[in-house]
Amino acid sequence: MLPADLLDRLLPDTAPTQQWEEANPPRDLPAGAEVTRFAPSPTGFLHIGGVYTAMVAKELAERSGGSYFVRIEDTDQARAIEGSDEHFARAFPHFGIDPTEGPDAPWGPYRQSERSEIYRSFVRALLESGHAYPDFVTKDELAAITERQQAAKVDLGYWGEWAVWRDAEPERVTAALDEGLPFTIRFRAPDAPGRIAFDDAIRGRIEADDNRNDVVLLKSSAEPLPLPTYHLAHAVDDHLMRVTLVLRGDEWISSVPLHLQLFDALGFEPVRYAHVAPLMKGEGKSRRKLSKRKDPEASVDFWMAEGYPVGAVRHYLRGLANSRLADLPFEEAAAEPLRLEEFGASGPLVDIPKLDDISADYVAQMPATDIRDRLLAWADEHDPELAGLLRATGDDLLAIIDVDRVDTDRVRKDIVKWSVFRERYGFFFPELFALVDDPADERFLGVPPEVVAAFTTDFVAGYDPDTASPGWFDQVRGLAERHGFALDRKAYKADPDAFHGTMREASNIVRVTLTGSGQSPSLDQIAGVLGADEVRRRVGAPAG
Ligand code: GLU
């Protein structure tokens, strides 16, 4: 162990760890309450897998009467990207994963770069207890060690006799300091590691080789502010912030042996772990992790820009987590608790067409006022022109949304996400609608232009706007008959040349002139929402 004056040179002015223990009191929570956290790194990109884990973490905390917070893990300053804070500030409230505690709670600060004093205290304590040591090894020396290990066919890493500063005499450390050499602080892994076992709340009992590497705990003293590595920060933060359950990506499973050693060396109660399998993408018959580089849907930006309603996303992600919830009706599923033991050990597949179906069902059961509010919030952000039109439409917007949604057993399910609204409902807004004024337009399915012109002229002349009466459609039938369309298929089949088409082609004329498309919701309802003048203007357009 190194003498105190040498420790003072390595890490001067450190507060006793007791000070932090007192400033971060144990939480006064009911038995069984979970304290969880979401710990993203500010790399300018929030992965949907992060939202998935965070949603679970928050839900488990809230359901158990506990607490959930967000900790920004910015100890890797080289990877930090500007704008991450703004990105998080938009995404967290959007997905409902913002913290239930902080920023004034005693367990902060919640940004690791603001906690360096705290880490230094605990590193100093590890130096004092002999669980850590300063290491002056250079990059070149490390590379040489690796080469010799490869030649000797032993495990790579900084361990045992390969760890050349592990048992350095104080004089050697003093000399290195006198020379001004930069150093890191490394963990002194226990000698003669064997196998260990631990319980994971998702995967159950896991056995693994214990850690033998002297990992770096505090990065180079050459940095302006030497920050800890993830390993030390995890142990110190999750202990001091009184976390009870660490939910994190399963890439960390292999680090658990080290983390348990660190908790032990620091004298902390070990924390419970739940390692969450990553979200996957299907590629042909195989699957791979949803990738930041290859898959737009890996980023939360995609989900926000496409405008998937958050309730649908939540339902979908919860169904991926616990498949028992996937097929329950929305409310029932939401009332059911998530169970960690039901998470799969292999990652669930994110299937966008499936999400689209769920989302369409979800929107179909939303009250029109909710759809309006969510749609407006989305449009404000992503389609301001549409937002303006929606607002100007006033209460008619609710009538537009409710076309084919009330008093029908075949509820319209064409809003899959807010971004399709413009394309699918745009025709309701005169500003977004282009009149179909060419009687030879191919959307009229080959009906001769003079027939289209005569039909539409007639329609306008005798238009009865009473859409409440079951007779609205009869006027289309009457016109069809008068203008040479067959009212039933049989008659048409018997002598196709005698007709311009069937009722399908006839009502298609009205449909195309009213909506611009051969597919639309019920025409009488559309006509009711548009009002008689607009109906006359549109249907009359090809009349010339
Ligand atoms: N910052 C770490 C990561 O993004 C957090 C892991 C954890 O939750 O402990 O992987």
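First listed ligand is number 1; within each ligand, the first listed atom is number 1.
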Over 60° means perpendicular and under 30° means parallel, so classify the ring planes of [Y] and [X], tilted if in between.
X: Trp252; Y: His231; result: perpendicular
X: Phe268; Y: Phe263; result: perpendicular
X: His315; Y: Phe330; result: perpendicular

Heavy-atom nearest neighbour in the protein, as seen from [atom], with distance rounded to 0.1 Å:
atom: atom 1 (N) of ligand 1; result: Glu73 OE1, 2.7 Å
atom: atom 10 (O) of ligand 1; result: Trp252 NE1, 3.2 Å
atom: atom 9 (O) of ligand 1; result: Tyr230 OH, 2.4 Å

For Arg186, enumerate each residue passing the side-chain hydrogen bond (donor to acceptor under 3.5 Å, both in side chains) test, keeping only those at least two apart in sequence or located in another chain. Asp135
Test side-chain contact (heavy atoms from CB on, under 4.5 Å) on Leu245 and Leu60 and set out the steps. CA-CA 9 Å; Leu245 176 65; Leu60 294 178; 3.9 Å; yes
Between Arg37 and ligand 1, find which residue part has any heavy-atom pair under 4.0 Å and reply side chain, backbone, both or neither. side chain
Does ligand 1 have an atom that lies less than 4.0 angstrom from a heavy atom of Phe38? no
Does at least one non-hydrogen atom of Gly249 fall below 4.0 angstrom from an atom of ligand 1? no
Say whether Ser41, considering both its backbone and side-chain N or O atoms, lies within less than 3.5 Å of an N or O atom on ligand 1.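 Between Ser41 and ligand 1 (N or O atoms, distance only) the closest approach is under 3.5 Å.
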Geometric N/O contact Pro40 with ligand 1, under 3.5 angstrom: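 By distance alone, the answer is no.
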Which atom of Leu227 lies closest to which atom of Gln112, heavy atoms considered: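 So the minimum-distance heavy-atom pair works out to CD2-O, 4.4 Å.
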